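Reading through the structure tokens given below for one structure.
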Amino acid sequence: MSSPASFSPQSKHSLLSAEQLEEFSKNGYLLLEDNVSDVFRHALIDRAYRLIEQADLSATNRFSTTDRAQINNDFFLESAETVRCFFEEKAFDDGGELTQPRAQSINKTGHALHDLDDVFREFAKRPEFGELARELGLSVPHLYQTMVIFKQPRIGGEVTWHQDATFFYTEPSSVITYWFALEDATLENGCLWLEPGGHKGPLRERYFRDDLDLSMVALNDTPWPDESSGTPIPVKAGSLLVFHGHLPHYSALNRSDRSRLALTFHVVDGQHPYAAQNWLQCPTLGAFAL
Ligand code: FE2
């Protein structure tokens, strides 16, 4: 892996150097260390846990990428324009009781934090996030989804290999992902794994919405990477990983005693039509311009 990139303090007019743009083009991702200040990071973490405290939780609302049948479609689809908390699939014992405290049982919260929550909105409005997207080729950056993924100790679930353009389809493809490490991400607590250069491959799947029905449709049978062909990307708290919508990525179960909170943004180019079949639709809130 090439050396981590950082925003250049010398440059007034561009955040990314020519080398960083070349690195993104070659590998499909960039690591920008020290992107989130400790003050913002702790504010975001505190707010995420406050959202869990305030949430009206039902045991039926779980999230899983290994078994999507566990997802309550109505609850999930409604989360596009509100803020919802989803339980880990392994949060409950056979008797239906939580095996860990409620705060340590949540898989993620989202998906309109940038619109509806003061702390997350203040963070999302940082001008450099729009500038970064524009420098990576998006003419009209629109933020469509924010979520905090908790990756809780011992039960933090695996996120299977996927490409984010599967879920945020535009023609042509334009989605990029901002993945902020709110805590250190390590091999032990489930850091991201990427396939450097894999963004040059085809989109393998598309997640379709038909009213309240959701389905995953295979588009291409290119094999997914695995832990022998992918690269783990351990990062320090405060780092930002930016990656291309076709870049395959994955994270393992968290079997450690430490959580691995991350905040993600999915940003698409508003100059291209946003597919009406994408699961996440914002008819009321509209697109959030970065
Ligand atoms: Fe993803």
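Since the model is a prediction, treat every value here as computed from it, not as a measurement. All residue numbers refer to positions in the sequence shown, counting from 1.
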Using side-chain heavy atoms (C-beta onward) and a distance below 4.5 Å, is [X] in contact with [Y]?
| X | Y | answer |
| --- | --- | --- |
| H266 | V268 | no |
| F129 | V267 | no |
| L31 | S239 | yes |
| C282 | E81 | yes |
| T170 | D269 | no |
| C85 | T109 | yes |
| Y144 | F167 | no |
| W279 | H111 | yes |

Backbone N/O of [Y] and side chain of [X]: donor-acceptor pair under 3.5 Å:
| X | Y | answer |
| --- | --- | --- |
| R260 | T186 | no |
| D184 | N189 | no |
| Q281 | A276 | yes |
| R209 | L280 | no |
| H249 | L247 | yes |
| N278 | Y169 | yes |
| E183 | L261 | yes |
| N27 | L30 | no |
| R134 | S139 | no |
| N254 | S256 | yes |

Quick one: [atom1] on [X] to [atom2] on [Y], what's the gap to the nearest 0.5 Å?
| X | Y | atom1 | atom2 | result |
| --- | --- | --- | --- | --- |
| L203 | N220 | CG | CG | 8.5 Å |
| K90 | T99 | NZ | OG1 | 11.0 Å |
| L290 | Y178 | CG | OH | 6.0 Å |
| T177 | Q145 | OG1 | CD | 8.5 Å |
| F24 | F243 | CZ | CZ | 9.5 Å |
| F87 | N107 | CZ | CG | 11.0 Å |

Quick one: name the residues clustered hydrophobically with [X], using the 4.5 Å side-chain heavy-atom rule over I, L, V, M, F, W, Y, and just say none if it's on its own.
| X | result |
| --- | --- |
| L187 | W161, W193, W224, Y250 |
| I149 | M147 |
| V39 | none |

Of V83, D118, V119, which meets side-chain contact (heavy atoms from CB on, under 4.5 Å) against L113?
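Going through V83, D118, V119 one by one, the side-chain contact (heavy atoms from CB on, under 4.5 Å) with L113 is satisfied by V83 alone.
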State plainly whether one hydrophobic cluster holds both [X] and [Y], where clusters connect Ile, Leu, Val, Met, Phe, Trp and Tyr through side-chain heavy atoms under 4.5 angstrom apart.
| X | Y | answer |
| --- | --- | --- |
| F208 | V175 | no |
| I106 | I155 | no |
| L214 | F168 | yes |
| F150 | L253 | no |
| L219 | M216 | no |

Step by step, work out the salt bridge (Lys or Arg N to Asp or Glu O under 4.0 Å) result for E128 and R126.
CA-CA 6 Å; E128 61 261 47; R126 284 171 57 187; 2.6 Å; yes
Strictly below 4.0 Å, N to O, side chains only: are D257 and R154 in salt-bridge contact?
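Yes, charged N to carboxylate O under 4.0 Å.
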Would you say the ring centers of F180 and F40 fall short of 6.0 Å from each other?
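Not close enough - the centres of the two rings lie 6.0 Å or further apart.
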Would I176 and L132 count as a side-chain contact (heavy atoms from CB on, under 4.5 Å) here? Give the steps.
CA-CA 10 Å; I176 55 175; L132 176 61; 5.9 Å; no
Check against side-chain contact (heavy atoms from CB on, under 4.5 Å), H142 and Y274:
CA-CA 10 Å; H142 283 169; Y274 182 82; over 6 Å; no
Might you work through the salt bridge (Lys or Arg N to Asp or Glu O under 4.0 Å) test for E78 and R84, ending with a clear yes or no?
CA-CA 8 Å; E78 287 165 13; R84 291 271 160 88; 3.0 Å; yes
What's the verdict on side-chain contact (heavy atoms from CB on, under 4.5 Å) for V148 and F120, showing C-alpha distance, side-chain angles and the deciding distance?
CA-CA 10 Å; V148 173; F120 285 91; 3.6 Å; yes
Determine the minimum heavy-atom distance between [X] and [Y], stating which atoms define it.
| X | Y | answer |
| --- | --- | --- |
| A112 | T146 | C-OG1, 3.9 Å |
| A91 | S105 | CB-O, 3.7 Å |
| E33 | K236 | OE2-NZ, 4.5 Å |
| H246 | H199 | CB-O, 3.4 Å |
| A124 | H114 | CB-CB, 4.0 Å |
| G190 | S251 | O-CB, 3.6 Å |

Using a cut-off of 6.0 Å, state whether more than 12 heavy atoms not belonging to R258 lie near its atom CZ.
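Counting other residues, nucleotides and ligands, CZ of R258 stays at 12 neighbours or fewer.
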Report, as yes or no, whether the 6.0 Å neighbourhood of atom CZ on R50 holds more than 12 heavy atoms from other residues, nucleotides or ligands.
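No.
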Begin with the C-alpha distance, continue with both residues' side-chain angles, and end with the deciding distance and a verdict on side-chain contact (heavy atoms from CB on, under 4.5 Å) for K125 and F288.
CA-CA 10 Å; K125 280 183 156 178; F288 185 96; 4.1 Å; yes
